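Read through the structure below, which is laid out as structure tokens, and then see the notes.
The basis for the numbers below is simple: all heavy atoms, side chains too, and nothing from hydrogens, waters or symmetry mates. In this text, all values refer to a predicted model and were calculated from it rather than measured experimentally. Chain letters run A, B, ... following the sequence lines, proteins first and then strands; every chain starts at 1.
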Amino acid sequence: MADVILDTPIAAAPVKPSAAFRNLARNPGIMFGGAVIAIVVLMGLLAPWLGTIDPTAISPIARNKIPGAEFFQRTDTGERIKMIALFGTDGLGRDIYSRVVYGARVSLLVGVSVALISVACGLLIGVLAGFFRIFDAIIMRIMDGLMAIPAILLAIAMVSLFRSSVLTVIIAITVPQIPGVVRLVRSIVLSVREEPYVEAAVTLGTSTPKLLWRHVLPNTFAPIIVQGTFICASAILIEAILSFLGIGVPPEVPTWGNIMAEGRQVFSLFPHNIIYPGVFLAMTILAVNVLGDGLRDTLDPKMAKRV
Amino acid sequence: MYGYLFRRLLGTIPVMLVVAVFIFLMLRLTPSDPAAIIAGDNATTEQVAQIRGQLGLNRPMIEQFFIWSGNVLSGDFGESFFFKKTVAALIGERIEPTLSLALFTILIAVLVAVPLGVLAAHRHGSWIDRIVMGFSVLGFSVPVFVVGYLLIYLFAIWLNWLPVQGYQRIAEGVGGWMQRLILPSLTLSVIYIALIARMTRTSVLEVLSEDYIRTARAKGQNERVVLFRHALRNAAVPIVTVIGLGVALLIGGVVVTESVFTIPGLGRLTVDAVLARDYPTIQAVILLFSFVYVMINLAVDMLYTLLDPRIRY
């Protein structure tokens, strides 16, 4: 008997998808952030067709050109063609415009991967800590310890362990982000556990996996999406910092941080090496942060009040 | 109060223990062999084995950990592979620039951010509020080194008012010391200002809707007194909390800022150590920074009782 009645009424309150979307579309932060991110994503995807040349191609005669400078380049067939370096070139004659456009790929890849992996790990560990009390004390002590190490410092230490690659950078940035997600998920799980509908479900013998899946997990979605967005923004920032310091992605890979790292020596004469990638980097992070603020205000009004 | 302080101090032991275990394991499980790094490229297998013995790397992991943590507790962080001196001496040399930079930054940030936040809350919804909030989001988004280079370009290269890079020890003259710290601290303070201003605004805004604020205004109290004495004092706890938590951002920022301005501090040391795979130095610096971070936040918790006498431990 009980089984028949209880499955539906105890489920988390249904949200009408259409209404939720309308709320999202009404928020200017989400619209602006989303639009800028869409442009950057398109830029990364369509990089080869945006008038770019090989971003790693070195050209000794075209070194340190100022933005808008014209120069001649020999193609593979030996033909001399006139080129315009829209954003100038760097100390090795590589085209900054092409490098900036291709650089969007690495930044987005790192941002999205770090957000997804840290949220997935954080969800798993957070649910374990919040739902199964035997793990709680030990997990939270470890998380407290990890949180005591400033994120950038931990990432710097982790990149020193392995050979530099995009994967190393992603792992190094992900690990320091996990404790924050764990804390968030754990606190939600702890409060959901006390809800009458969960108690009712437990009393009626709902199996633990089903309980987690149907009642606990849906409650974590909104805060997790918001948190994930902010993690994405800081991951893009930390990747740029690591690359800028010369300990991130290998220097031949075009990333915004790497372009700026190479521009450091000649900055006083050729500031464009730092300014153009810097503007793209700041705009992208700004867009993701603004999107996160908008998502927080619409999806998670309780949290919006707190911050 | 002292009982609480004692309990909190005890509470930091497990946290620092986790940090120590994590840093120790992380650097011991790395694929590269420290003995091979010290021995250099031309070393024979016997020489590498001998160095392994000297460093105690052939002992069981647990034993190594206890030896290492015992040494750390007595202030011995080992010897740097790269700089060829003790890590403790190395840190001693590098601490002055970092401390100066951090203190200057906190000073600038608090002096700018708190009044800005109060103003934004006072003129809630006005253009001033929007500018402050806009600046705050921008401050979180523009990387520290981009801010640094923009400031260098503006003040050092274009206007030629301040030196481009470098550091001068305080012993060599206070004027030169301050002159060289202005740009780096301004750079580093941007993100900190963003953080503190935002928190101050939120916190003051909440307090401004309290009854006692209405009462203070009703009795004809000067608005400045209402804002700074009545509102800000009651809003102080979250602001001070965020200043403490923000130290993590500050430490990350120090690493970057010192690289941009070529300041020979602990942050620059961290990057150099990572580039040279100098593990004893990396371990020591991370341990030190984490310890400082934990202690600052402990001190912040202790400050609560001063800021808000209602809080008793």
Is there a side-chain contact (heavy atoms from CB on, under 4.5 Å) between Val18(B) and Asp144(A)? Walk through the geometry before answering. CA-CA 8 Å; Val18(B) 171; Asp144(A) 286 347; over 6 Å; no
Stepwise, does the side-chain contact (heavy atoms from CB on, under 4.5 Å) test hold for Leu138(B) with Leu286(A)? CA-CA 6 Å; Leu138(B) 202 65; Leu286(A) 182 76; 4.0 Å; yes
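- Summarising the local packing, CE of Met31(A) is surrounded by 12 or fewer heavy atoms from other residues, nucleotides or ligands at distances under 6.0 Å.
- Of the atoms belonging to Arg268(B), it is side-chain heavy atoms, and not backbone ones, that fall under 4.5 Å from chain A.
- Using cut-offs of 30° and 60° on the angle between ring planes, the pair Phe244(A) and Phe145(B) is parallel.
- Atom CG of Leu159(B) has more than 12 neighbouring heavy atoms from other residues, nucleotides or ligands inside a 6.0 Å radius.
- Looking at Ala157(A), the atoms closer than 4.5 Å to chain B (heavy atoms on both sides) sit in the backbone and in the side chain alike.
- The contact between Ile241(A) and chain B is made by backbone and side chain atoms together, counting heavy-atom distances below 4.5 Å.
- Across Leu250(B), Val294(B), Ile286(B), the residue that shares the most heavy-atom pairs under 4.5 angstrom with chain A is Ile286(B).
- Atom CZ of Arg130(B) is surrounded by 12 or fewer heavy atoms from other residues, nucleotides or ligands within 6.0 Å.
- The candidate with the highest count of non-hydrogen atom pairs below 4.5 Å against chain A, out of Ala248(B), Ser203(B), Pro14(B), is Ala248(B).
- Here the closest heavy-atom approach between residue Asn289(A) and residue Ser141(B) is recorded as ND2-OG, 3.1 Å.
- Residue Ala148(A) comes nearest to Val15(B) through the heavy atom pair CB-CG1, 3.7 Å, listed as atom of the first residue, atom of the second, then distance.
- In this structure, the portions of Tyr149(B) lying under 4.5 Å from any heavy atom of chain A include both its backbone and its side chain.
- Interface summary for chain A: among Tyr293(B), Trp158(B), Phe291(B), the most heavy-atom pairs under 4.5 angstrom belong to Tyr293(B).
- The only member of Val271(B), Thr270(B), Leu275(B), Val260(B) that meets side chain to side chain contact (heavy atoms under 4.5 Å, CB included) when paired with Leu245(A) is Val271(B).
- Remark: Leu161(A) CG to Ile282(B) CD1 distance equals 7.5 Å, nearest 0.5 Å.
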Does the pair Phe22(B) and Leu154(A) meet the rule for a side-chain contact (heavy atoms from CB on, under 4.5 Å), with working shown? CA-CA 10 Å; Phe22(B) 191 78; Leu154(A) 185 51; 3.6 Å; yes
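- Counting heavy-atom pairs closer than 4.5 Å to chain B, the top-ranked of the candidates Met147(A), Met260(A), Met283(A) is Met260(A).
- When heavy atoms are compared at a cutoff of 4.5 Å, Ile285(A) approaches chain B by way of both its backbone and its side chain.
- Taking the side chain as every heavy atom from C-beta outward, Ser234(A) and Phe140(B) never approach each other to under 4.5 Å.
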